[in-house]
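For ligands, and for the atoms within them, numbers begin at 1 and follow the listed sequence.
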Amino acid sequence: MSDRTPLVAANWKLHKTRSETEEFLDWFVPRAGEVDGVELVVCPPATALATAAERCTGSPVRVAAQNMHQEPVGAFTGEVSAGMLVDAGAWGTILGHSERRQLFCETDEALAAKVPAALEAGLVPILCVGETEAQRDGGQTGEVLHTQVEADLARVDVERLGGVVIAYEPVWAIGTGRTATVEQATEAIELIRDLLAARDASAAEGIRILYGGSVKPDNASELMEPAAIDGALVGGASLEADDFFAICAAAAR
Ligand code: PGA
């Protein structure tokens, strides 16, 4: 058994206005106390971050962003820095989501700067890694995870490594309704933990590694059952408060 506190995060992507965020949290926050021993996180779009953070103050629910820029200030039109996220009340930020890698040219080089910049600002990075279907079919899953973990965490000091959360998200399982099998998820997550242990064994033991990709209320228990899987990053099924609550409750069991 691990001592790691499970974590379940709602990745709302390009969904929810401020009033929709409030509506969700009005339902969810009063019930969050019923989910014992699980860290609960919602990741609204940037425009709703401060609203969500205010609504979650004094509750166990944490608020995280979906992306950030690595520089603190500068001529980077359209970007938001770690300090700005902290100012908006964020606890953490997703980094390296596959949609950002695939649709917005996010590189491992940028992530190598973003992860330590987030930590430096006091944000918990939720770093997403995972292979495409072609890479899995080509037997390259291990190699892809190795490259992403090594590159994206290259500039994180060993003392800070334990503060990172990783989400293993096979790209072929995101938004497709197809999940990894429990065996596939466990195998990938154990590989990621082994890669981290090569840096520092005790930090690796403390890092939460989540599974993400078509987690739903009806498969959440099974997917979070293995001791190796420390929770879930949930997209589509996190948009309805009662569905997300059911997934959070599954993590508590
Ligand atoms: P999904 O998305 O749950 O809709 O598959 C997961 C994610 O993109 O983090």
Side-chain angles (χ1 to χ4, degrees), residues 6-16 20-21 24 28 38-46 48-49 52 61-68 90-106 111 114-115 118 123-133 135-136 141 144-145 148-149 152 164-182 184-185 188-189 192 208-225 229-251:
L7 188 156
V8 181
N11 176 12
W12 289 348
K13 310 188 182 187
L14 188 56
H15 294 276
K16 294 200 192 290
E20 287 164 347
T21 297
F24 180 107
F28 185 76
V38 182
E39 200 153 30
L40 307 175
V41 184
V42 294
C43 307
L49 265 180
V61 184
R62 309 199 186 278
V63 175
Q66 300 174 12
N67 180 39
M68 57 161 245
W91 159 91
T93 181
I94 296 172
L95 290 174
H97 190 278
S98 67
E99 284 149 19
R100 296 222 55 89
R101 292 179 190 259
Q102 294 195 318
L103 305 173
F104 302 100
C105 308
E106 178 97 289
L111 289 163
K114 288 185 179 195
V115 180
L123 292 171
V124 175
I126 303 174
L127 174 68
C128 302
V129 297
E131 80 288 356
T132 63
E133 185 158 37
Q135 288 166 334
R136 176 162 283 270
T141 300
V144 169
L145 295 176
Q148 291 177 339
V149 169
D152 301 351
V164 176
V165 174
I166 295 183
Y168 167 61
E169 296 207 310
V171 179
W172 46 273
I174 296 176
T176 59
R178 283 171 64 197
T179 62
T181 62
V182 171
Q184 286 171 327
I189 286 173
I192 293 168
R208 268 90 57 88
I209 310 182
L210 319 178
Y211 167 77
S214 297
V215 177
K216 310 282 179 213
D218 62 2
N219 61 26
S221 297
E222 187 191 1
L223 283 164
M224 291 188 281
E225 219 270 318
I229 304 179
D230 300 319
L233 180 56
V234 187
S238 74
L239 293 172
E240 296 294 337
D242 52 349
D243 285 346
F244 184 59
F245 180 81
I247 294 169
C248 296

Quiz item: Is there a side-chain contact between Leu123 and Met68, using heavy atoms and a 4.5 Å cut-off?
Solution: yes
Quiz prompt | Beyond-backbone contact of Glu169 with His97, side-chain heavy atoms, under 4.5 angstrom | solution =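 In contact.
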Quiz item: Can Arg178 and Glu133 be said to form a side chain to side chain contact (heavy atoms under 4.5 Å, CB included), step by step?
Solution: CA-CA 11 Å; Arg178 283 171 64 197; Glu133 185 158 37; 2.9 Å; yes
Exercise. Before giving the answer on side chain to side chain contact (heavy atoms under 4.5 Å, CB included), spell out for Asn11 and Gln66 the whole-Å C-alpha distance, their side-chain angles and the decisive distance to 0.1 Å.
Key: CA-CA 7 Å; Asn11 176 12; Gln66 300 174 12; 3.8 Å; yes
Quiz item: Would Tyr168 and Ile229 satisfy side chain to side chain contact (heavy atoms under 4.5 Å, CB included), going step by step from the backbone distance to the final call?
Solution: CA-CA 9 Å; Tyr168 167 61; Ile229 304 179; over 6 Å; no
Exercise. Return yes if some donor-acceptor pair links the side-chain N/O of Arg136 with the main-chain N/O of Thr141 below 3.5 Å, else return no.
Key: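 No, the answer is negative, given that no donor and acceptor are paired below the 3.5 Å cut-off.
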Quiz item: Which protein residues have a heavy atom under 4.0 Å from ligand 1?
Solution: Asn11, Lys13, His97, Glu169, Ala173, Ile174, Gly175, Gly213, Ser214, Leu233, Val234, Gly235, Gly236
